[in-house]
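Data first, discussion second: the structure below is written as structure tokens.
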Amino acid sequence: MPKLTVNSIEVEVEQGASVLQACEEAGFEIPRFCYHERLSIAGNCRMCLVDMERSPKPIASCAMPASDGMVIDTQSERVKKAREGVMEFLLLNHPLDCPICDQGGECDLQDQAMGYGQDGSRYKESKRAVEEKQMGPLIKTIMTRCIHCTRCVRFATEVAGVPDLGAIGRGEQVEITTYLEKTIASELSANVIDLCPVGALTSKPYAFISRPWELSKTESVDVMDAQGSNIRIDSRGNQVLRVMPRLNEDVNEEWISDKARFSIDGLKNQRLDRPYVRGANGKLEPASWDMAFDVIAKKIKKVKPSNFGVIAGDQVDAETMFAMKLFMEKIGSPHIDCRQDGVDITGSSRTEYLFNSTIAGIDEADAILIIGSNPRFEAPVMNARIRKRYLVGEIPIAYIGQEIDLTYPADFLGSQASLLKEIAEGQHPFCKNLKQAQNPMIIVGNGLLSRDDTKSLLNYISEIIKKFDVVHKRWNGFNVLHSAASRVAGLDIGFLPGKSGKSAKRMLSDASSSKMGMIWLLGADEIDTSAIRNTFVVYQGHHGDVGAHCADVILPGAAYTEKNGLYVNFEGRVQEARRAIFPPGEAKDDWSIIRAFSGFFGHPLGFDNHDACRQMLISHFPHFGEIGKIYKSRWKKIGRPGKISDVPISPVLKEYYMTCPISRSSETMAESRTSRENLGKPIAAE
């Protein structure tokens, strides 16, 4: 490893590190605009200039590899003057609109001009002006502010895998543009807002809303998919104004999806803020909590436990499912299920339903086979990690399902279920790649797990795993990619049918033939509501969505931004969502609603507050007390022999922008979906 001297301090860095990284390692800050740790080196802002011994002029530290014996000075008079000169050039054409710029208060250009610039300018000519560019409903552009650092261009090309951004012109006429004035066709597009060091690219929905210092900041996790991206919720009063990514190298690095960032305006629309009961006239009418509880209690007493079931939705926290499971055990009903989409996972072994390789483990994979999943829609941030792995080593990637653009080269093998049999028998060309791989990875999605022949297909996957050593002592390459944030926690705590219990699919089937007297929808909206028209339905949730429309009693709950709760992402990592604001009106935390009703019904649960509920959960399932940790499970064979259906394998999630009550209530998500549908057509000027 090379050793070099920075400001008389000797430092040792890894081979391949840059001088800039060496200076940071020695404890000296180096200003920069174009350089970013996760993007390729451009070296075009020149702000990171430092002095190197025997060099006739300052060098760009971001682009210079550190080598043994280098002597670097970051504090010389020549470096100071060079930085002042660079800053003066950067500010030549920059407009003086800091007071109205949305980047104000968190602008790199402001900060570095203060720290490294001069107190005046010698430029007396007219400033240039650049026409604004249309980049869709999420990104607002003021391109006169652009300093051509090209971070946005490199992110779109390298990370998002969508080369929609680029530069046109030369010299002073350079402009960053989407060429055809269209929406950036990526589910990660808004990350360029965070990357932009000036106010050229800002959030369009957040424009002129608030200043950073006015906001309360709450660390939480995203529930729009099952990856559990770490986020920061910025709120003012009782309103969520924006969501920003938090750094977590093992989960989302520093990216979040557009849906995680911009669906929050849906938190204001179609909210349930008080209980409702369906009256004799067939209409839902406002009611008190006692009245709603009384109606539910009388109905439960009329129906037998064998005719009462609970289906949990995709965004329910672990404490709520645990409380509901305890209540159902007390009244003697085994009909509970967290698999509202009907996936066939038993939960007998954790390896059966986890992303066992872990998200960070993608970096070690050397062959990937995706089955019945579209990771670009189901987990966009993880999909970017697969792309990152491909760019490092161009590993073979193939998928079985619907033909899609995954943003990286991948072989489409087809959609026939019989392909798994061919691979298991070693008769498919892709077998060669699996055989040569040291750490092969199989990613299974709901498109395979929600079929009638799931067990048979999983049996062939077991044979593939055994034949190609997909699971060995140092590696578990079998991975399930869930799309529901609540799914793994539900499977962990056993929110599944008990002995002689009915699955969600069976409950809905029996309800359509009037064999279910009552169903409690615990935030479950992604179901066929036509099947429960003749059943008494209790809906507990936060939006007036599909489940609420068919309910006889509505109990208003809290959204993920309005409660403290535990979620487990698809790799089995327990993470905590924290309350940023309070629920509207009379809405309550979901666990507390169940606790209150259990007391009203005469079967009180063994806790009276959230901490006691969580402690009881941890006492039953200790891993919920280990926030952020992953526990490896022992591999067990999955599936069983059986016939394979001729039905093609296809990903279940075919829509990205509007997939849950929050995103379906979001005007921004609706605009984004329309914009993507019209991709290729010019977007009308605002």
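For the numbers below, each heavy atom of this structure counts, side chains included, while hydrogens, waters and symmetry mates do not.
- For the residue pair Q402/N374, the side-chain donor-acceptor check at 3.5 Å is not satisfied.
- D258 places a side-chain N or O within 3.5 Å of a backbone atom of S189 that can act as its donor or acceptor partner.
- A donor-acceptor contact closer than 3.5 angstrom is absent between the side chains of T178 and D164.
- Put simply, the side chain of R246 never gets that close to the backbone of V221: no donor and acceptor are under 3.5 Å apart.
- Of the N and O atoms on the side chains of N191 and R261, at least one donor lies less than 3.5 Å from an acceptor on the other residue.
- Taken to the nearest 0.5 Å, the CD1 atom of I72 stands 9.0 Å off from the CD1 atom of I30.
- Between the side chain of T141 and the backbone N or O of K133 there is at least one donor-acceptor pair closer than 3.5 Å.
- Annotation for E25: atom CD does not count as buried by contact number, only 12 or fewer foreign heavy atoms lying within 6.0 Å.
- Distance alone, capped at 3.5 Å, places no donor-acceptor pair between the E378 side chain and the S483 backbone.
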Q: May I have the step-by-step check of side chain to side chain contact (heavy atoms under 4.5 Å, CB included) for K204 and E671, ending in yes or no?
A: CA-CA 12 Å; K204 188 173 282 187; E671 290 175 19; over 6 Å; no
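- For the pair E187 and R676, the salt-bridge criterion is met [side-chain N within less than 4.0 Å of a carboxylate O].
- The minimum heavy-atom distance linking I193 with L138 is given by the pair CD1-O, 3.9 Å.
- Side chain of D73 to backbone of Q75: a donor-acceptor contact under 3.5 angstrom is found.
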**Q.** side chain to side chain contact (heavy atoms under 4.5 Å, CB included) between I368 and Y408, intermediate numbers included
**A.** CA-CA 12 Å; I368 299 176; Y408 41 82; over 6 Å; no
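- Not one N or O on the side chain of K388 forms a donor-acceptor pair closer than 3.5 Å with the backbone of V159.
- Going from atom CG of L20 over to atom CZ of F28 covers 13.5 Å, rounded to the nearest 0.5 Å.
- Under a cut-off of 6.0 angstrom, the local environment of NZ in K3 is sparse, with at most 12 non-hydrogen atoms contributed by other residues, nucleotides or ligands.
- Sequence neighbours left out, the pairs with a member in residues 94-111 that pass salt bridge (charged side-chain N to carboxylate O under 4.0 Å, His left out) are D97-R145, E106-R242.
- Pairing each heavy atom of Y657 with each of K259, the nearest pair is O-CD, 3.7 Å.
- Residues passing the side chain to side chain contact (heavy atoms under 4.5 Å, CB included) test with K81, sequence neighbours excluded: E77.
- Considering CD1 of I147 and CD1 of I176, their distance stands at 10.5 Å, rounded to 0.5 Å.
- One N or O on the side chain of E88 and one on the backbone of R122 form a donor-acceptor pair closer than 3.5 Å.
- With I443 as the partner, the side-chain contact (heavy atoms from CB on, under 4.5 Å) test is satisfied by one option alone out of I362, I397, L481: L481.
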Q: Give the C-alpha distance, both sets of side-chain angles, the deciding distance and a yes or no for side chain to side chain contact (heavy atoms under 4.5 Å, CB included) between D265 and Y206.
A: CA-CA 10 Å; D265 63 323; Y206 179 68; over 6 Å; no
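- The CD1 atom of I581 lies 9.5 Å from the OG1 atom of T218; values are rounded to the nearest 0.5 Å.
- Looking at N569 and E571, their side chains do bring a donor and an acceptor atom within 3.5 Å of each other.
- Between A22 and V11, the closest heavy-atom pair is O-CG1, 4.0 Å.
- The side chain to side chain donor-acceptor pair (under 3.5 Å) analysis of residues 57-71, with sequence neighbours excluded, yields no pairs.
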